[in-house]
Amino acid sequence: MAAVTWPSTWQEFIAQKQTESVVATALQLDALKILFSDPSVPISEVAVLITVDTIKLHDKEPGASDSELWCTLADGIKQLTEYNDKFVEFFYEIGRAKLHGNPSLLLTAYWEWWTEWEFFFDDLSSKDPNREQARQGWININAFCAKVSQHRNEFPLLNNLQRYADESEEEQTYQCELHNVKVLDGKVPAAAVWFTIDAQAIYELEGDMLGEYEHTKTDWPGKGFSKERFIYWREKFEWISRVEELEEKTRTSANRAAEAMRNVEEANKV
């Protein structure tokens, strides 16, 4: 497996995208250049600019999602770690920009693309030279989703909280962990960012969990969201933070998540 080097700057990112066959339009890439390079231009104006071609596409083909745009933005989130917060603000402004006066048209397209193509992760082999950057990309996607979910009251389609607690992901991790605890190095840092960023929101979740079925096997005996399951997750993070076989990055992220969760539990004591 050959190493694939991700761009280290936004300039390299744009240049790389300009050579690809399936990519955002030239106008959309120009909008990204402005987003990254010119803080004097309000992000709200850049959001309007990047949706111009999306609106044209929608007028020509009603129902079209402009997948090239969402794919390009997702790649940027994965590859440009330092711009994670800027992408969060940018997606919020894309929601405010609206499409024909309707914010749900743009955000529905985003949601469908994310669900179908972006929110999954298979960790690579230890022999794969691309493993570390792939893991960082997965952390970046999760951090973005956790942060942008904080705009859920205004834009429900930006609410990704259910994406963290996907039962199939928890089952897969559990089954792998039974054979090799090192699998947690590829899973835990991305999961931990949700609790570090918004533990209170996850604490408040109740009821059914996305993708949860009766046959799903984990080491949690119940189903759905609950305060008890939140405590179980916190205890799991605490345990992970002490497993010396795991990487320091994994143990540190687990410890930070556990601390954020303890703070929430303490704040909610009656």
Asks: Kindly indicate whether a cation-pi arrangement holds for K227 with Y203, taking the cut-offs as under 6.0 Å to the six-membered ring centre and within 45° of the axis.
Replies: yes

Asks: State, to 0.1 Å, how close T250 and P189 come at their nearest heavy-atom pair, and which atoms those are.
Replies: OG1-CG, 4.0 Å

Asks: With clusters defined by side-chain heavy atoms of hydrophobic residues (ILVMFWY) lying less than 4.5 Å apart, directly or transitively, does L57 cluster with L73?
Replies: no

Asks: Please enumerate all residues that pass salt bridge (Lys or Arg N to Asp or Glu O under 4.0 Å) together with E228, with sequence neighbours excluded.
Replies: none

Asks: Sequence neighbours excluded, which residues qualify as salt bridge (Lys or Arg N to Asp or Glu O under 4.0 Å) partners of K249?
Replies: none

Asks: Per the salt bridge (charged side-chain N to carboxylate O under 4.0 Å, His left out) rule, what does the pair list look like for residues 148-159, sequence neighbours excluded?
Replies: R152-D198

Asks: When you compare the side chain of L35 with that of Y83, does any pair of heavy atoms fall below 4.5 Å?
Replies: no

Asks: About how many Å separate CZ of F90 and CD1 of I43, when rounded to the nearest 0.5 Å?
Replies: 8.0 Å

Asks: How close do I141 and A74 get, counting heavy atoms only, and between which atoms?
Replies: CD1-O, 4.2 Å

Asks: To the nearest 0.5 Å, how far apart are CH2 in W70 and OG1 in T54?
Replies: 6.5 Å

Asks: Report, as yes or no, whether the 6.0 Å neighbourhood of atom CZ on R131 holds more than 12 heavy atoms from other residues, nucleotides or ligands.
Replies: yes

Asks: Roughly how far apart are T51 OG1 and D66 CG, rounded to 0.5 Å?
Replies: 10.0 Å

Asks: If you round to the nearest 0.5 Å, how far is CD of E244 from OG of S241?
Replies: 11.0 Å

Asks: Any side-chain donor-acceptor pair under 3.5 Å between T108 and E112?
Replies: no

Asks: Decide yes or no for E118 and K78: does some side-chain heavy atom of the first lie under 4.5 Å from some side-chain heavy atom of the second?
Replies: yes

Asks: With a 4.5 Å limit on heavy-atom distance, are the side chains of W233 and R229 in contact?
Replies: yes

Asks: Would you please classify the geometry between the F121 ring and the W138 ring as parallel, tilted or perpendicular, with 30° and 60° separating the classes?
Replies: parallel

Asks: Counting N and O atoms only, with roles assigned by atom type, does the side chain of T72 sit under 3.5 Å from a partner on the main chain of A24, one being a donor and the other an acceptor?
Replies: yes

Asks: Looking only at heavy atoms, what is the nearest atom pair of A192 and A254, with distance?
Replies: CB-N, 4.4 Å

Asks: Tell me, do S253 and R256 make a side-chain contact under 4.5 Å, heavy atoms counted?
Replies: no

Asks: Applying side-chain contact (heavy atoms from CB on, under 4.5 Å), run through K147 and V193 and close with a yes or a no.
Replies: CA-CA 9 Å; K147 293 172 187 174; V193 295; over 6 Å; no

Asks: Does K182 use its side chain to pair, donor to acceptor, with the backbone of E245 at less than 3.5 Å?
Replies: yes

Asks: Check the orientation of H151 and Y92. Use parallel for under 30°, tilted for 30 to 60°, and perpendicular for over 60°.
Replies: parallel

Asks: Hydrophobic cluster membership, with links at side-chain heavy-atom distances under 4.5 Å among I/L/V/M/F/W/Y: are V88 and W111 in one?
Replies: yes

Asks: Using the test salt bridge (Lys or Arg N to Asp or Glu O under 4.0 Å), find all partners of E248 that sit at least two apart in sequence or belong to another chain.
Replies: none

Asks: List for me each residue that meets side chain to side chain contact (heavy atoms under 4.5 Å, CB included) alongside A258, sequence neighbours excluded, and say none if there are none.
Replies: R234, F237, E238, R262

Asks: Hey, are D59 and K56 close enough for a salt bridge, meaning a charged N less than 4.0 Å from a carboxylate O?
Replies: no

Asks: Taking S149 for its side chain and N160 for its backbone only, find out whether a donor-acceptor pair lies under 3.5 Å.
Replies: yes

Asks: Distance from I240 atom CD1 to L184 atom CG, nearest 0.5 Å?
Replies: 5.0 Å

Asks: L124, V181: one ILVMFWY side-chain cluster at the under-4.5 Å cut-off?
Replies: no

Asks: Are W6 and L80 connected in a single hydrophobic cluster, I mean Ile/Leu/Val/Met/Phe/Trp/Tyr linked by side-chain heavy atoms less than 4.5 Å apart?
Replies: no

Asks: Run the side-chain contact (heavy atoms from CB on, under 4.5 Å) test on R251 and N255 for me, step by step, so that the C-alpha distance in whole Å, both residues' side-chain angles and the decisive distance to 0.1 Å come before the verdict.
Replies: CA-CA 6 Å; R251 289 184 278 114; N255 185 59; over 6 Å; no

Asks: Between Q28 and T25 (side chain of the first, backbone of the second, donor and acceptor by atom type, cut-off under 3.5 Å), is there such a pair?
Replies: yes

Asks: Run the salt bridge (Lys or Arg N to Asp or Glu O under 4.0 Å) test against E132 and tell me which residues pass, sequence neighbours left out.
Replies: R135

Asks: Is the shortest heavy-atom distance from the side chain of W10 to the side chain of S37 under 4.5 Å?
Replies: yes

Asks: So, taking the atom named OG in S8 and the one named CD in E82, what distance separates them when rounded to the nearest 0.5 Å?
Replies: 9.0 Å

Asks: Quick one: do the Q200 and E204 side chains pair a donor with an acceptor below 3.5 Å?
Replies: yes

Asks: Counting N and O atoms only, with roles assigned by atom type, does the side chain of N268 sit under 3.5 Å from a partner on the main chain of V264, one being a donor and the other an acceptor?
Replies: yes

Asks: Going through the checks in order, is the side-chain contact (heavy atoms from CB on, under 4.5 Å) test met by V243 and L246?
Replies: CA-CA 6 Å; V243 178; L246 297 174; 3.8 Å; yes

Asks: Passes side-chain hydrogen bond (donor to acceptor under 3.5 Å, both in side chains), E259 versus N263? Steps please.
Replies: CA-CA 6 Å; E259 181 179 3; N263 290 340; 4.7 Å; no

Asks: Could you give me the CA-CA distance, side-chain angles and deciding distance for D38 and V46, then say whether side-chain contact (heavy atoms from CB on, under 4.5 Å) is met?
Replies: CA-CA 10 Å; D38 193 346; V46 184; over 6 Å; no

Asks: Check whether F13 and L29 end up in the same hydrophobic cluster, where Ile, Leu, Val, Met, Phe, Trp and Tyr are linked by side-chain heavy atoms less than 4.5 Å apart.
Replies: yes

Asks: Should F91 and I77 count as side-chain neighbours, where that means a heavy-atom distance under 4.5 Å?
Replies: yes

Asks: Taking side chain as C-beta onward, heavy atoms only, is E265 less than 4.5 Å from I231?
Replies: yes

Asks: Got S226 and Y232 here, is their nearest side-chain heavy-atom distance under 4.5 Å?
Replies: no

